[in-house]
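A short worksheet on the structure shown next.
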Amino acid sequence: MVVLLRLGRGCVFDLGVSLCCGQVFRWELVGDWWWGVVGDGVWRVRQVGDRLEFENVEEERVREYFGLNVDLPRILREIGKDEYARKAVEAFKGLRILRQDPWECLVSYVCATYKGIPAIKKMLFELSRRFGHKIMFENRTFYAFPTAEKLARASMNRLAECGLGYRARYVRETARKVHDEHVNLESLRKAGYDDAQKELLEFPGVGPKVADCVLLFSLEKLEAFPVDVWVRRVILRHYAQHFPDKFINKISEEKSLSNSEYATLSLWGRKYFGKHAGYAQEYMYHYERTR
DNA sequence: CAAGTGCCTTTATC
DNA sequence: AGATAAAGGCACT
């Protein structure tokens with residue numbers, strides 16, 4: 001049964017951009033419907049103007065998952081600190097940060113290191129197909145995201161077959177830690193940014209960038225400001241005046257950032273854009289990538 | 001079409 | 001602390 005949700009004023013939302021912008025990797029567009037597996041359920045969602053239609057999921061879950069309960073117009077005003085930020089916001093107005101499952105998000109971003117989005121999608125698709133349980137919906141086959149237990153027991157070979165490369169070891173070790181130590185990632189939603197980040201950094205394959213992505217995309221830490229190559233480029237091109245020349249010269253030459261350089265950039269983002277800095281990051285990331 | 005480059009970085013080592 | 005190297009393989013040019 002298709003349920004209809006009319007997006008009221010103040011509830012600006014763009015489903016397509018939100019699913020395409022590189023924060024989530026397992027949604028598929030079929031015709032004008034988006035199909036996605038969330039938890040153990042297959043959702044079908046489409047947007048027609050200010051109407052959001054969905055199937056096989058309750059409205060409350062939809063609101064929660066797509067972040068419809070946050071006051072986006074207010075956040076966008078708040079992060080529009082300068083001309084560049086306002087341009088990025090204007091270009092993709094309606095992009096919302098989703099509230100993903102923390103376990104799936106953690107594995108996704110461990111896999112995402114030093115990879116492009118198409119390759120990330122492929123890895124997660126293969127992981128789910130091989131290790132996730134099968135779900136039939138509308139005569140189509142879907143796979144739930146594999147549990148920590150399943151990945152903890154996976155052989156290195158079968159993980160490597162998913163295209164993980166050297167990440168296979170990190171995924172398995174991270175899965176083992178979650179499973180063996182009965183880690184409850186959801187509980188990190190109640191923790192503050194610093195405490196939650198500290199916990200995430202304990203997982204193999206998780207550095208500051210991956211931790212920030214998990215904090216932002218699944219643990220409701222909207223102040224998290226992940227700095228990847230694209231965001232670094234944005235800073236170099238548009239915000240260099242906020243840093244000493246020496247620092248800017250240094251990070252423009254290097255291929256990768258040291259931990260302290262990363263911390264400098266990420267902390268600057270949080271201070272400059274405020275408590276919803278993650279939204280600024282996502283708009284600028286997507287804006288920079290699509291030029 | 002082949003070869004080169006880049007990729008939402010982290011870890012190990014010195 | 002800071003510098004340096006190594007680590008799949010896929011997608012795009």
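Just so we're on the same page: letters track the sequence lines, and every chain starts at 1.
The six-membered or imidazole ring of Phe217(A) lies near that of Tyr109(A), with a centre-to-centre distance under 6.0 Å.
Not a single ring-ring contact (aromatic ring centres under 6.0 Å, His included) links Phe203(A) to another residue, sequence neighbours left out. Judged as a salt bridge (Lys or Arg N to Asp or Glu O under 4.0 Å), and not counting sequence neighbours, Glu282(A) has no contacts. Taking the salt bridge (Lys or Arg N to Asp or Glu O under 4.0 Å) definition, one finds that Asp82(A) meets it with nothing, sequence neighbours left out. Qualifying ring-ring contact (aromatic ring centres under 6.0 Å, His included) partners for Phe66(A), counting only residues two or more places apart in sequence or in other chains: Phe13(A), Trp27(A).
With a 3.5 Å limit on both pairing distances and Watson-Crick or G-U wobble geometry required, the stems of 3 or more pairs in DNA chain C span B:3-7 with C:9-13, B:9-14 with C:2-7.
Ring pair Tyr170(A)/Tyr166(A) is perpendicular by interplanar angle, where above 60° counts as perpendicular and below 30° as parallel. His276(A) and Tyr279(A) have perpendicular rings, their planes meeting at more than 60° on a 0 to 90° scale where under 30° would count as parallel. Aromatic ring orientation, Tyr239(A) versus Tyr272(A): perpendicular (interplanar angle above 60°, classes split at 30° and 60°).
Rounded to an integer number of Å, the gap from CE of Met123(A) to P of dT9(B) is 11 Å. Rounded to a whole Å, the OH atom of Tyr166(A) is 9 Å from the P atom of dT9(B). Rounded to whole Å, the distance from OH on Tyr262(A) to C1' on dT11(B) is 16 Å.
Proximity of a side-chain donor or acceptor of Arg86(A) to a complementary backbone N or O of Gly80(A) within less than 3.5 Å is detected. Using modelled atom types, no side-chain atom of Arg99(A) and backbone atom of Gly67(A) make a donor-acceptor pair closer than 3.5 Å. With Arg44(A) contributing its side chain and Asn56(A) its backbone, the two residues share no donor-acceptor pair below 3.5 Å.
Between Glu186(A) and Arg189(A), at least one side-chain nitrogen of the basic residue sits less than 4.0 Å from a carboxylate oxygen of the acidic one, meeting the salt-bridge criterion. Electrostatic pairing of Glu149(A) and Arg153(A) counts as a salt bridge here, judged by a charged N lying under 4.0 Å from a carboxylate O.
Separating the P atom of dT4(C) from that of dC8(B) is a span of 25 Å, rounded to the nearest Å. For dA6(C) and dC7(B), the C1' atoms lie 16 Å apart once the distance is rounded to whole Å.
For dG8(C), the base adopts the syn conformation, since its glycosidic angle falls within 90 degrees of zero.
Going from atom CZ of Phe225(A) over to atom CE of Met284(A) covers 4.0 Å, rounded to the nearest 0.5 Å.
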Ring pair (Phe, Tyr, Trp, His ring centres under 6.0 Å), that's the test. Do Tyr283(A) and Tyr84(A) meet it? Break it down for me.
CA-CA 11 Å; Tyr283(A) 274 85; Tyr84(A) 178 78; over 10 Å; no
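Proximity of residues 247-257 of chain A to DNA chain B (heavy atom under 4.0 angstrom from any strand atom) is restricted to Lys255(A), Ser256(A). Listed by residue number, the members of residues 272-291 of chain A with any heavy atom below 4.0 angstrom from DNA chain B are Glu282(A), Tyr285(A), Arg289(A). Residues of residues 191-205 of chain A that place a heavy atom closer than 4.0 Å to DNA chain B, in numerical order, are Phe203(A), Pro204(A), Gly205(A). Near DNA chain B, meaning a heavy atom under 4.0 Å from it, residues 214-240 of chain A has Asp228(A), Val229(A), Trp230(A), Arg233(A) in order of number. For the segment residues 13-22 of chain A, residues with any heavy atom less than 4.0 angstrom from an atom of DNA chain B are, sorted by number, Cys21(A), Gly22(A).
Connection of Val42(A) to Val2(A) is established within a shared hydrophobic cluster, with ILVMFWY side chains joined at heavy-atom distances below 4.5 Å, either directly or through further cluster members. The hydrophobic clustering, which links ILVMFWY residues whose side-chain heavy atoms are closer than 4.5 Å, places Ile97(A) and Ile120(A) together. In this structure, Leu236(A) is a member of the same hydrophobic cluster as Tyr285(A), with clusters built from ILVMFWY side-chain heavy atoms closer than 4.5 Å.
The two atoms that bring Ala148(A) and Ala175(A) nearest to each other are O-CB, 3.5 Å, heavy atoms only. Here the shortest heavy-atom pairing between Leu216(A) and Pro226(A) reads CD2-CD, 3.9 Å.
In this structure, Val210(A) reaches the sugar-phosphate backbone alone: every heavy-atom distance under 4.0 Å involves primed, P, OP1 or OP2 atoms, never a base.
For the residue pair Tyr193(A) and Asp212(A), a side-chain donor N or O sits within less than 3.5 Å of a side-chain acceptor on the partner.
With Glu288(A) as reference, Arg237(A) is the one residue of Arg237(A), Lys87(A), Arg233(A) to meet the salt bridge (charged side-chain N to carboxylate O under 4.0 Å, His left out) rule.
Considering only heavy atoms from C-beta on, Ser218(A) stays 4.5 Å or farther from Leu185(A) through its side chain.
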Please tabulate, one pair per line, each protein N/O and nucleotide N/O from nucleotides 12-14 of chain B that are separated by under 3.5 Å, including the distance.
none

Between the protein and nucleotides 9-13 of chain C, which nitrogen or oxygen pairs come in under 3.5 angstrom?
unit_1 : atom_1 : unit_2    : atom_2 : d
dG9(C) : N2     : Lys115(A) : NZ     : 3.4
dG9(C) : N3     : Lys115(A) : NZ     : 3.1

